[in-house]
Amino acid sequence: MTTPQPTIWPKGKNCAVMIAVPFDDGADAIAAAPDLANRSKSLSVWQFGATRGVERLCRTFATSSVKASWFLDAQTADRHGDLVRRIAYAGHEIASSGLAFDRYDALTPARLLDSLKRSRDALETLAGRHTTGFRLPQGNWPPGFDRLLMEAGYSWSASLNGDDVPYTHPSGLVAIPVHIELEDRPYFQFNFAPAFPKGQGRIPDYEGVLHNWVAEFDAYRRFGLCYVIQLRPEWSGTPGRISLVEDLLRHILSFDDVWLATGAEIAERQKALGSTVANDHPIQVFDAYRKEQGVDD
């Protein structure tokens, strides 16, 4: 049996849980298939989240007395200002996924920094509180992106995948790793005509999805890690699937050694530890490779 690692969490807590809610209102679908913008029937599958899913998730979180970290781009937030204000008023964290659903690896550093600052300002105006977290909407992590995020006023990001506990970039930016098996989108994103995403022919068994999420949580708790579940209003906010969220939260909350926290709270805890990544960490290895190849930031 593998010995669990020493806890890095508050006293009495053996693992951390963060509930992340990417609220893209179909921008993610249009980014992958631009022609969806002109097909209202297909696009409405993704826009269901704003119509019903947001409110359903908020009610479920309120019933369980949990706070989530919601990620929005500024354009989506502006379209749904009333929803954003209600989310913030309920005590949830508002974090950024940019000015629009952009590919940040395709922007110049100047445009990238401008977009990061403007999106943060817009979200803070709507939510009435500081925005400190960021989630990369699409594309690759740009060279030097951690430093630009810090310069734009962010302190943490939930974008990369190369670990299962938070770590700190040399720049001071905290990374909270995310993983695809802890998302609802790979299980439930589906449009029939035309098929989108291609090759996905059916929606999986709900109990199977819940089993996967619970199995992952049990393992994260066993090894003292940081479990980040990503729930989208359009996929997890349906009348039937909301019960999966309820059951998952019920299981998580049945343990008194679990620290259920927002991204900002986890980032503050990581900063208090005062540690940065080791030389053999994936993010360091990537930077070292780039330097060997003579690629400038």
Side-chain angles (χ1 to χ4, degrees), residues 20-60 68 70-87 94-107 111-112 115 118-119 122-123 126 134-142 158-159 178 180-206 208-209 229-245:
V21 184
F23 178 21
D24 300 319
D25 194 39
D28 55 332
I30 292 173
D35 60 315
L36 281 176
N38 300 315
R39 300 207 314 270
S40 58
K41 179 182 177 182
S42 293
L43 187 59
S44 68
V45 175
W46 281 263
Q47 293 174 327
F48 170 85
T51 306
R52 298 294 180 191
V54 169
E55 295 285 0
R56 202 165 272 133
L57 280 175
C58 283
R59 286 197 301 270
T60 298
W70 293 68
F71 295 87
L72 302 93
D73 66 75
Q75 289 186 0
T76 298
D78 184 62
R79 283 197 306 274
H80 301 289
D82 287 342
L83 278 179
V84 174
R85 283 184 283 269
R86 279 184 290 197
I87 292 167
I94 301 296
S96 173
S97 56
L99 192 61
F101 207 84
D102 296 319
R103 280 194 64 120
Y104 282 87
D105 55 348
L107 300 179
R111 286 188 60 198
L112 194 157
S115 175
R118 288 170 60 195
S119 65
L123 289 172
L126 272 173
F134 184 87
R135 178 182 185 276
L136 192 68
Q138 61 170 325
N140 295 314
W141 184 264
S159 303
V178 294
I180 195 168
E181 66 271 17
L182 294 178
E183 293 189 44
D184 53 4
R185 182 165 61 180
Y187 298 105
F188 298 133
Q189 177 173 281
F190 180 72
N191 187 53
F192 186 69
F196 182 82
K198 293 180 180 179
Q200 183 167 325
R202 63 182 177 82
I203 292 174
D205 173 74
Y206 289 8
V209 175
I229 185 75
Q230 298 184 78
L231 306 170
R232 290 170 173 79
E234 63 269 31
W235 309 129
S236 291
T238 68
R241 293 175 200 151
I242 199 66
S243 64
L244 303 185
V245 180

With sequence neighbours left out, write down each residue that passes salt bridge (Lys or Arg N to Asp or Glu O under 4.0 Å) with [X], or none if nothing qualifies.
X     : value
Asp73 : none
Arg85 : Asp82
Arg59 : none

Residues in side chain to side chain contact (heavy atoms under 4.5 Å, CB included) contact with [X], at least two apart in sequence or another chain:
X      : value
Asp78  : none
Ala100 : Gln75, Asp102
Glu183 : Ile180, Arg185, Pro186, Gln230, Arg232
Leu83  : Phe23, Ala50, Val54, Glu55, His80, Arg86

Without swapping roles, check the side chain of [X] against the backbone of [Y] for a donor-acceptor pair under 3.5 Å.
X     : Y      : result
Arg56 : Gly237 : yes
Ser44 : Gln47  : no
Asp24 : Ala27  : no

What are the two closest non-hydrogen atoms of [X] and [Y], and how far apart are they?
X      : Y      : value
Ser119 : Ala74  : CA-CB, 4.1 Å
Ala31  : Phe101 : CB-CD2, 3.6 Å
Pro22  : Pro233 : O-CD, 3.5 Å
Trp141 : Ser159 : CZ3-CB, 3.8 Å
Tyr206 : Leu244 : O-CD2, 3.7 Å

For this session: Given side-chain contact (heavy atoms from CB on, under 4.5 Å), test Phe48 with Thr238 step by step and report yes or no.
Result: CA-CA 9 Å; Phe48 170 85; Thr238 68; 3.9 Å; yes

So do the side chains of [X] and [Y] get within less than 4.5 Å of each other, counting heavy atoms only?
X      : Y     : value
Ser96  : Leu72 : no
Ile94  : Phe71 : no
Cys58  : Trp70 : yes
Glu234 : Asp28 : yes

Exercise. OG of Ser236 to CG of Asp184: how many Å apart, nearest 0.5 Å?
Worked result: 3.5 Å

Exercise. Between CD1 of Ile242 and CZ of Arg52, what distance do you get to the nearest 0.5 Å?
Worked result: 13.5 Å

For this session: In sequence, state the C-alpha distance, the side-chain angles, and the governing distance for Arg118 and Leu123, and then conclude on side-chain contact (heavy atoms from CB on, under 4.5 Å).
Result: CA-CA 9 Å; Arg118 288 170 60 195; Leu123 289 172; over 6 Å; no

Considering residues at least two apart in sequence or located in another chain, which fulfil the side chain to side chain donor-acceptor pair (under 3.5 Å) criterion with [X]?
X      : value
Asp105 : Arg103
Thr60  : none
Arg79  : Asp25, Thr76
Ser115 : Tyr104

